[in-house]
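Quick note on labels: first sequence line is chain A, next is B, and so on, each numbered from 1. This is a predicted model, so every value here is computed, not measured.
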Amino acid sequence: MVKSIGAPHDRIDGIPKVTGGATYAADVKLEGQLYAIALQSTIAAGKIVALESASAEATPGVVAVYSHLNARQALTWIHADELLALSAEALGLSAFPSGSSRPRGYLPLTSPEIYFAGQWIAVVVAESIEAARHGVGRIKVRYEVDAASVVMNDEKDDWIEPTFFFGADMQVQRGDAPKTRHGEVFIQETYATPMQLHQPMEPSATTAYWDGDDVTLFDSTQGVVATREYVAQSLKVPKEKVRVISAYVGGGFGSKNQVWPHQALAAHMARALGRPVRLQLTRSDMALASGHRSFTEQDVRLSADRDGKIRLLQHISRVPTSIQGGFFEPCGLNSLLLYGAEELDVRHRVSRKNIPTPTPFRAPGETPGSFALESALDELAHTLKMDPLELRRRNFPSRDSYHDRDWSSNHLLECYRLGAAAFSWPGRYVPPRSIREGSEMVGYGMATTAYPAPALPATVKLRLQVQGRAIIETSATDIGTGMYTILAQTVADELGLPVSQLEVRLGDSSFPNAPTAGRSKSTASVLPAARQACLSLREKLALLGASYSPTPQSNESIFSLLEREAIPEVVVEGTSTGMPREHDLSFYSFGAHFVEVRVDEEIGRIRVSRVVSALDCGRIINPKTATSQIKGGIVFGIGMALMEQGEFDPIHSRLINDNLADYHIPVNADIGEIDVIFIDKPDTRFNEFGARGLGEIGVPGTAAAITNALYCATGKRIRSLPATAAALL
Amino acid sequence: MEPFEFVRPTDIQDVLVAIRRPGSRILAGGTSLVDLMKLGVEAPSTVVDINALPLSMISVEGDALSIGALASNSDVAVHRAVKQHAPAVGQALLSGASGQIRNAATVGGNLLQRTRCTYFRSRDWPCNKREPGSGCAAIEGVNVGHAVLGISRSCIAVHPSDIAVALLAVDAYVHLASVAGERRIAIGDFYCQPGDTPSVETVIGPNELITKVEIPITNLNATSSYLKLRGRASYEFASASVATAILRDGDIVIDAAVAVGGLGTVPWRNRTAEKLLIGKKLTQESILAFCDALFAPASATPSNTYKLALARGAIHRTLRGGAEW
């Protein structure tokens, strides 16, 4: 039988998704279901002094209106530390020095305080979504307005120095940095990245219904287990009473990685009203109520020898978090690991602003951080009149000097070589403004990308039934990544079955536990568990006296074996161990992006005409879904480089482009040719498949490769994204 | 959305009677009206659906091209007579919105499309256009996309339509009907700059219905083209756009029409400035002189001044021989 792993298998969930057969959280329609929509605060700081809901309550179809005035009694909706510890607000809080006044996180509808504009201040539940919207429009609110701040100010802000986050110290100094004056060439610049909004195709929604003491949530989440824990804690019910189903997720990218209040609120409202409730986030809510990538400001200083050897790398990030939350962008992560400068000074400073709590956004930290780092490297290359690729080769990190460990596997130099060859990279120094074709200036740019390869324990259940069914169950979610397909591929190979005969069931908290799909860890967490389940199955069959091992010679299917041995059903579980214990190694994926841009300066037209990315992500389980993942990451990078920007009204500190008409992301016509190359060398010290996750590594570096190419084309250095026509002209 | 009464007359006279009701709004493609109703910006008490009227014909009538008010953007964009006699109009339509929206949107509705100013589109902000006298949040707010021509202390909202810019370049007429009779207005006289009354956007009366658009068939109009510049390749309103038509005798310009979009509170054209091009060759200098005259009244903020550079570039490019996007 042909091996499934390594083959470009079509998504097994593709047909249901494109034919409407896949049911998403907001597609669920239960008998007697109610619909809920939230009202947002129009002020960014202050207090609600009056909230008048009588007219909303009298609106035809409206069933209930909840706010801080009644949610505690009517919904048992209570702000509690043990709940907040499980919430999106808490991520990052542990990095803040304790003592002083560590914030408590924020939970809507628990107090009249306003911390940011767009904060939910009431929720209307009605017989229809139209009636709910109608009711929302009739609530009258009076505020006491305080001064708000959504812009960082180096001198005025109260800066916090966080400690440990994302597996790294947020304040790292090595060697004589920052005092050192080693080196002969210096770069010192400030880079800025804007707020980016989470707007996956499927806006978050939760449909909750109660059956006696049991509550089921049809939800859109990257992690059904984490959601169950939070919702059970919020409802004060045993977690066995809560079931969270998220069989299909229309994109998450971090917006559904943490647990947000709406997920529990739907269950509280359904309990109070005795009817199923769907709480739907609008596009505007997606911008405000499920996190975002915050804006950043980063100072990067490099000093290098004339031959390009980097002696000092200083990377100081100034980033915001919300008034009550904890998440901030750990921009310096890649600077700790790449380029191996002997003097290292990587620090983070955080300031609290009247913004919604930021959250992971596809490759958090690395993405804004790599814009600054990879731009600075390009500036250094131009100062040295050196090929930017050669500069990176000369600073190749042969080991992880921050953690003082060897890499489990690092083929970055191969990424440089193969990517450059496929791109036809010039291989010499190209001065800016030196290539013109017709009315367009042409430029080339490149950047390195790197992303960690984590893994957590996971469990997969395998059920074989004699009538020919093979069912794979785990609570892992497929957020568009291809998990359905690669799980089937894995089991197909182990059991000698065609992929089409396997039934994969995901995203249900009643299935065995698997980690939340985030930080590129699902492949390395779940596939080893599936393999363990297959091994257990064989052991169990052997115990039953029915040995099975598929060989090219054996024609007998596992099902005829069951039939022959009169075994109606076999059920087994397999569990993976997460990170390998036997190796003291650093597990990372690497890659390089090469970009061609074309700029028609007379009419301000910027095009990313060509991208080649070469990546080392270990062994590739499915080249088709893997290529799709990387291309998606590159498209994210193009949006970040050229368009995306959450904008606040300067007077009212309120986000004004909280919709897809005003917040621009690339359309199909913006995307040129993208060529993805995988090195495809197994990282066998990581897991038996040699596979590392690759959901995020496409994003870091892409924006810098584009702005580096823009500099090559036009001679204009963009240090503040996005690189719009206005910025370039 | 507020509840409303919905009527769908099949006879034009019944429509003209129905729209006399206070608080009524005409529904054609609905791409603008329904959107604004969902946002709470529009709250009509009666919606008069005119889709049953026979107003979607596109035809040549004598020396004019006639486009019914209910002709869809998609149908007009690809119509042979439109491509032949007023190519800028087809190109402008194709540059706008998405395929799905163009299928629903109508030419009459497009002429009355409301501004995309964020502050207009949400009831949470002061806006003199939406709520006269409440103020303008855009002037001190985020105004990167706002107008630099025809602005006032009351309003800097930019006119969003692409087709209106093309129609202005080809000297189209708008036909209106009411129970009192019919009239025809040159598109150049159709839109009102905001002044102190930004809620008044056109000269159309409260009881009038657009029935058709008429484009003169001329040699000049047959040369017209439309170039739209924006931050992404499609599905975005113009940062700057230009509709040009130019007739030459050898190298010498004998007639010219240049209308710009994305810059004005109304589609913008200056016939006096166009005279600077007549009798001259199209050179860097003559185009520059024209642009200087055209944009002399412009007043930009630091964040939207780039629009003038883009528009100048677009005019240079189209007058010298076109660019496509």
Side-chain angles (χ1 to χ4, degrees), chain A residues 40-43 59-61 117-118 129-131 133-134 136-138 141 282 284 438-440 600-607 638-639 642-645 647-652 654-672 722-729, chain B residues 1-3 35 37-40 43 97-98 101 116-119 121-126 135 137-145 160 227-237 239-242 302-318 320-321 323-325:
Chain A
Q40 299 177 355
S41 154
T42 58
I43 67 159
T59 301
I129 204 156
E130 291 78 12
R133 278 182 203 278
H134 191 200
V136 164
R138 290 188 165 192
V141 187
T282 63
S284 173
S439 61
E440 292 179 326
D600 190 328
E601 293 179 301
E602 185 173 46
I603 56 173
R605 182 188 291 165
I606 302 164
R607 280 196 271 211
I638 293 172
L642 302 182
M643 299 167 203
E644 294 186 45
Q645 183 174 28
E647 288 185 285
F648 288 94
D649 178 82
I651 313 256
H652 299 88
R654 182 173 183 190
L655 185 71
I656 62 152
N657 55 348
D658 57 349
N659 61 76
L660 287 177
D662 296 323
Y663 182 82
H664 293 143
I665 57 174
V667 296
N668 229 335
D670 289 306
I671 306 304
T724 59
L728 209 61
L729 286 177
Chain B
M1 194 187 285
E2 291 292 324
D35 187 25
M37 286 168 71
K38 283 184 182 170
L39 295 168
S98 66
I101 293 172
R116 301 297 301 190
C117 173
T118 310
Y119 301 101
R121 287 171 56 81
S122 162
R123 284 194 306 185
D124 292 342
W125 301 97
I139 289 172
E140 300 292 321
V142 176
N143 50 37
V144 64
L227 175 64
K228 179 174 178 178
L229 304 178
R230 48 187 158 179
R232 63 182 173 189
S234 75
Y235 204 27
E236 186 180 353
F237 290 85
S239 299
S241 70
V242 55
S303 62
N304 67 16
T305 188
Y306 73 97
K307 288 185 161 220
L308 288 162
L310 285 183
R312 282 171 178 270
I315 291 169
H316 276 273
R317 181 64 57 87
T318 47
R320 287 200 326 270
E324 283 180 22
W325 189 335

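Proximity to chain B (any heavy atom under 4.5 Å) is restricted, for A/Leu660, to the backbone atoms N, CA, C and O. Neither the backbone nor the side chain of B/Arg121 comes within less than 4.5 Å of any heavy atom of chain A. Only the side chain of B/Glu236 comes within contact range of chain A, judged by heavy atoms closer than 4.5 Å. Within the 4.5 angstrom heavy-atom criterion, only side-chain atoms of A/Thr42, from C-beta onward, approach chain B. Residue contact with chain A, scored on non-hydrogen atoms closer than 4.5 Å, involves the side chain of B/Tyr119 exclusively. In this structure, the portions of A/Ala726 lying under 4.5 Å from any heavy atom of chain B include both its backbone and its side chain.
Contact count versus chain B (heavy atoms, under 4.5 Å) is highest, among A/Ser439, A/Ala131, A/Ala725, A/Ala727, for A/Ser439. Considering only heavy-atom pairs separated by less than 4.5 Å from chain B, the leading option among A/Arg133, A/Met643, A/Glu130 is A/Met643.
A/Asp670 contributes a side-chain N or O that, together with a main-chain N or O of B/Ala233, makes up a donor-acceptor pair within less than 3.5 Å.
A/Asn657 is not listed as a side-chain neighbour of B/Thr118, based on a closest heavy-atom distance of 4.5 Å or more. A/Ile656 has its side chain within reach of B/Trp125: a pair of non-hydrogen atoms, C-beta onward, lies under 4.5 Å apart. Counting only heavy atoms from C-beta outward, the side chains of A/Ile603 and B/His316 never approach each other to under 4.5 Å.
Taking 4.0 Å as the cut-off between side-chain N and carboxylate O, B/Arg116 and A/Asp662 do not count as a salt-bridged pair.
Going from atom CG of B/Asn143 over to atom CG of A/Asp649 covers 10.0 Å, rounded to the nearest 0.5 Å.
The 12-atom threshold is exceeded at CD of B/Glu2, counting heavy atoms of other residues, nucleotides or ligands nearer than 6.0 Å.
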